[in-house]
Structures are given as C-alpha cells and as structure tokens.
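Only one structure is covered here, and it is reproduced in the block below.
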Amino acid sequence: MTIAQLADKVRGGGRLDRAEALELYTNAPMARLGSLADEVRARRHPDRVVTYIIDRNVNYTNVCVARCNFCAFYRPVGSAEGYVLGFEEIFRKIDETIALGGGQLLLQGGHNPDLPIDWYEDLFRSVKQRYPSFRLHALSPPEVVNLSRLSRLPVPDVIDRLIAVGLDSIPGGGAEILVDRVRKLLNCYSKATSDEWLDVMRHAHRAGLRTTATMMYGTVETMDERLEHMFRLRDLQDETGGFTAFIAWSYQPEHTELGGSEATGVEYLRTLATARLVLDNFENLQASWVTQGGKVGQLSLAYGANDMGSVMIEENVVRAAGASYCMDEIEIVRNIENAGFTPVRRNMHYERLGAPVFREREVPRMLELAVARADGDTSRPPEIVRYAARSAAGKKARQEHAAE
Ligand code: SF4
C-alpha cells in the first residue's frame, strides 16, 4: 500500500499490521506522520484536554543484582554507594508530595536480595495506615518477578499479597523492548523475559489492577523489533484492557556499560506517532519530557501524546544516565497551554481531578529535582534489622547494625 492508502486505512479505523506500521514509520513524511497521529489523538480526545499527574518518583533502593548493561543507576550488593530508604524517609517524601498537591508515589527500585517480601508488605501497610487515601503505583513487573523468586511464591500470589496491603497499580517499567533477542543483548533477559513481563501484567489486570506500559528504545533493537514490542502490548490490551497508558523513553547512554549515543528528537517523535497509530486500543500516550526535555515534550502533543506525565519532584534513574530535566506544575501547565490545550490534573487511573493546584492555592516552586538520598548520607534505616538478608554482605551488615 502507498502512504496515502495507509493513511486512509487509519482514518477509516482500520488496524495496521507490522509491515504497514513499518512502512509508515520509515517512509511517511514527518509532517504527514505527525498529522495522522494527531488526528487519531483528536478522535480519542476531542476536547483538547491534556492531562498530567502530581506524584513523586521514589527509588527505594539502588542495590540490584540484575546488572542491566543500559543502567547507570544500580549499585552491586555490598557497594558503599548502595542504599535502602527507611520508612521515615519515605514518609517525609510523601509529606512533601502532599504539600505540592500530589496524591501518589511511583515506587520502584533495584532487585535487592536483602529486602524480602515482608519488607514491602510492612512498608505498604504503614503508608496506607498513615495516609489512607494516598496511592501506591509500585513495583514494575521485573520487581514482582524478583519477589516471586525470592519468596518462592507464584506471581499471582505476590500480586494478591501486595494488593492486600495497599498496592493500587503497577508501573510499566522494565519492559525495555519485549523481544528476547534484545533482552539478552541488554543483559535483562534473566531479570524478566518478554513473556514474564507480559504475564505479570496479565495477572495484575486479572486481579483488577490497572497498569501502564513503557518502551525503552534506542539501544540495539531494530525498528521491526520496536514494532514487535508495540504489537505484543496491543495483543495483551485486546485480551485484558488493563493498560491505562503507553510511555516511550529513549535510552540514556551516559555512565552506562553499554554506552553509545542517544536517539534524536525526530526519532522520538516518529516512534511516538507510530505508537499512536499502532496502539489503537490504548487511550493515553504520555509525552516523555523527562528524557526529551520540555521542548520536544511539548511537541509530542502534536505527534499523538495527550498526557504530559508527571510533575517531576524527584528523579534518580534517568539523571544517573545524564539527563536531568525538571518541570514543576507551573512549567507543565505553561507548556500545555502554549501548545493550545487545556491542562487538567489526573490520577493514575486517568480520572480527571481538576484545575492546576497552583491556581487554587500557593505551592512551593520546584526548580530543581530532589534526590533519593543526599550525597554522603550512608545512614541505615532502623527497621532494616527486622528483615532477613540473603546475601553474605547483607547478612554481615545486618549483624553490625544490630550490634550498634
Ligand atoms: S534497570 Fe533496574 S533491574 Fe536493571 S540494573 Fe537497573 S535497577 Fe537493576
């Protein structure tokens, strides 16, 4: 089919197959691809509303045994730079989030062998006791797989136990590219295969949770593999309907073992627009300004995105790999309005909550990102001694801590 015929097919509500999507990605002129994605976005969201959420991205530990070669964030077990946040530190971060009008933590971390499932259960339970209406958008599929292996429980049981103590939804992290050839090259096949990632989401959706889906592109994958990723998500969405949104991130190469260079803004916009055309059963596509910066993030709204993601209060993972963009609510709203849309605050379920908080009351400006831990802070949380460590280094540290 020609580009014009493919555009007609999309306009008529037809579903693209992989070869057709590849043809559009590769050969459609930039403006044509963008305007087609914009038409599809407008069909789903005709009221010209662009949503965003105020939440805080907290990484509870950077200790990780997975060692993905694209990751600059993790530290190996026993590293002097490894940390686990204490419950009180996390409560403080929640207090600061609430002060900014936020109602959710996006809680993710490394695969730390010294944090058993009861640590997560106690944390979630204590957060919910203290902040009953605060939401926990927590633990990406590979973290759930890790907990399943550590506790020798099937994935559905892990999900049920976490729901019982307050898990509200699962973030779509750790998907990278859902093609095992790519996962092996990125050394992330053993943390979760493509099928394992999708299976966690399938079980989560069956258990009544909504989740997001991500794609980290721009490493070693081909464009066809990027499309395979999107089609696998589309198939699961057909089956469960549990995904709320799709988010594409470009790989950030600085300080990583894999190295290389970052995909360009044009590649990002073409990938995003193609995703809008392929993922015809996804309601929402986020603009990834955290990796693209505010300006390309704003342009995303003309290439299929209808959501600006999260006000960034804290960020550790992307920053470790060299990108550090900061936008508080005022900046996000300015970008949305300047692009000709109406900004509306939402929660994780994409339910609309209302107008910007800063127009209703005074909130502190966030002009730079917070970090998980201040540099040089090597404190160990007091409650950590209650939890059994598995690694030799972890066991030794617990003994020393208990003796203090
Ligand atoms: S991406 Fe996640 S799982 Fe992989 S090394 Fe980094 S922290 Fe660990």
Side-chain angles (χ1 to χ4, degrees), residues 57-85 105-117 119-120 137-151 155 158 170-180 182-201 211-221 229 247-260 262 288 290-291 314-324 371-373 390-391 393-394:
N57 194 345
V58 171
N59 301 107
Y60 55 88
T61 182
N62 64 348
V63 175
C64 189
V65 292
R67 295 170 167 257
C68 308
N69 61 15
F70 57 83
C71 177
F73 166 71
Y74 82 88
R75 294 292 177 271
V77 173
S79 163
E81 293 176 356
Y83 73 81
V84 175
L85 294 181
L105 280 196
L106 164 53
L107 192 66
Q108 301 181 105
H111 298 192
N112 187 333
D114 300 323
L115 294 180
I117 191 165
W119 181 87
Y120 296 84
H137 182 45
L139 308 189
S140 62
E143 292 167 88
V144 174
V145 170
N146 176 53
L147 273 184
S148 157
R149 290 174 187 161
L150 277 181
S151 54
V155 161
V158 171
I170 290 186
E176 329 314 353
I177 294 287
L178 293 169
V179 175
D180 287 340
V182 176
R183 300 184 79 76
K184 285 175 186 165
L185 290 171
L186 297 179
N187 200 35
C188 66
Y189 175 76
S190 58
K191 79 172 175 183
T193 65
S194 308
D195 284 346
E196 283 174 323
W197 190 97
L198 289 161
D199 232 36
V200 170
M201 291 312 200
T211 76
T212 52
T214 65
M215 173 173 79
M216 184 199 67
Y217 69 92
T219 54
V220 298
E221 83 285 353
H229 177 101
I247 311 139
W249 303 83
S250 64
Y251 162 59
Q252 304 294 308
E254 234 178 87
H255 310 303
T256 65
E257 185 188 330
L258 183 65
E262 191 189 342
S288 177
V290 177
T291 56
E314 170 172 337
E315 210 293 314
N316 305 289
V317 176
V318 175
R319 184 212 317 252
S324 175
V371 289
R373 269 275 172 95
R390 282 172 65 103
S391 74

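Indexing begins at 1, ligand by ligand and atom by atom, following the structure's order. What you see is a predicted model; the values in this text were computed from it and never measured.
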Subject >> For atom 6 (Fe) of ligand 1, the protein heavy atom that lies nearest, with its residue and separation >> reply: Cys71 SG, 2.4 Å
Original post:
Just wondering, is there an N, O or S atom on Cys64 that's nearer than 2.8 Å to atom 8 (Fe) of ligand 1?
Top reply: yes
Original post:
Tyr74 heavy atoms, cut-off 4.0 Å: which ligand 1 atoms fall inside?
Top reply: 5 (S)
**OP:** Please answer whether the main-chain N or O of Ser391 pairs with a side-chain N or O of Asp114 as donor and acceptor at a distance below 3.5 Å.
**Re:** yes
Subject >> Which residue and heavy atom of the protein sit nearest atom 2 (Fe) of ligand 1, plus the separation >> reply: Lys191 NZ, 4.2 Å
Original post:
To which protein heavy atom is atom 4 (Fe) of ligand 1 closest, and what is the distance rounded to 0.1 Å?
Top reply: Cys68 SG, 2.3 Å
**OP:** Please confirm whether the backbone N or O of Glu81 pairs with a side-chain atom of Asn62, one donor and one acceptor, at under 3.5 Å?
**Re:** yes
Subject >> Backbone of Tyr189 reached by a side-chain donor or acceptor of Thr193 within 3.5 Å >> reply: no
**OP:** Measure from the side-chain N and O atoms of Asn59 to the backbone N and O of Gly109, and report whether any donor-acceptor pair falls under 3.5 Å.
**Re:** no
Original post:
Is a donor on one side and an acceptor on the other found under 3.5 Å between the side chain of Tyr217 and the backbone of Glu176?
Top reply: no
